[in-house]
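Just below is one structure, and these are the notes that go with it.
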Amino acid sequence: MVKTVLDAFCIKSGILCRKCQEKIEKGQITDLDLRIIRLLSDLEKENPTLQDVTYHRAVEADGNLVVLVDRRDLGRMLSGGAKTVHAISDTLGKKVKILGHGGDDRQFLEDLFSPMSILTLNTIWIPDGSTETKVILTGRQPKRMPVDLDATKKLAKQLRNMTLRIEFEKT
Ligand SMILES: [Zn+2]
């Protein structure tokens with residue numbers, strides 16, 4: 001059974017105990033998480049390797065979904081011709097990216113912007129004491145963007161509370 005903060009039994013039965021219910025009320029697990037956890041536990045029947053996956057959380061912005069699992073489980077999530085990714089994408093009607101939980105900001109942003117690559121990252125200090133992260137992507141802005149930049153900004157805010165400024169190496 002996919003590992004989450006919820007009890008395996010509660011996910012399977014669909015009837016949550018008080019402890020699991022509290023985690024939902026506190027927002028530790030969202031409805032979106034619950035949908036994905038249930039879907040993953042269904043997909044386990046066809047792809048038993050998913051049983052070992054540790055699920056962290058999912059966030060969504062403008063139809064782009066990021067699912068965070070343990071970094072060591074990325075291979076499991078992508079096994080079998082990325083069937084799992086397609087199943088999540090088809091069921092929820094969103095573009096799906098699977099990312100490893102944890103890691104430093106650079107690694108997080110590289111994964112988030114992939115397949116685009118980052119040239120440099122700079123921290124900008126704002127007079128009010130907050131910071132923004134300037135991301136310079138390599139090359140010129142492509143006509144057809146492989147990544148939705150506005151959605152990426154929102155996802156970085158939700159996942160790491162980072163405010164991004166995105167630029168390209170060449171203008
Ligand atoms: Zn429970």
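Scope of the values below: all heavy atoms of this structure, side chains included, with no hydrogens, waters or symmetry mates. Note that ligands are numbered from 1 as they come in the structure, with each ligand's atoms numbered from 1 the same way.
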Check your understanding: Taking 4.0 angstrom as the limit, do D104 and R106 come out as a salt bridge?
Key -> no
Review point. Below 4.0 angstrom, N of the basic side chain to O of the carboxylate: do K153 and D62 qualify?
Key: no
Point to revise | Check ion pair D7-K19 (N to O, under 4.0 angstrom) | key: no
Study note, to complete from the structure: Applying side-chain contact (heavy atoms from CB on, under 4.5 Å) to E44 and not counting sequence neighbours gives M1, V2, S41, L50, Q51
Point to revise | Lys/Arg-Asp/Glu bridge criterion (N-O < 4.0 Å) met for E169, R140 | key: no
Practice item. Tell me whether L74 is reachable from L112 by hopping between hydrophobic residues (I, L, V, M, F, W, Y) whose side-chain heavy atoms are closer than 4.5 Å. Key: no
Study note, to complete from the structure: Excluding water, the protein N, O or S atoms sitting under 2.8 Å from the Zn ion (ligand 1) are D7 OD2, C10 SG, C17 SG, C20 SG
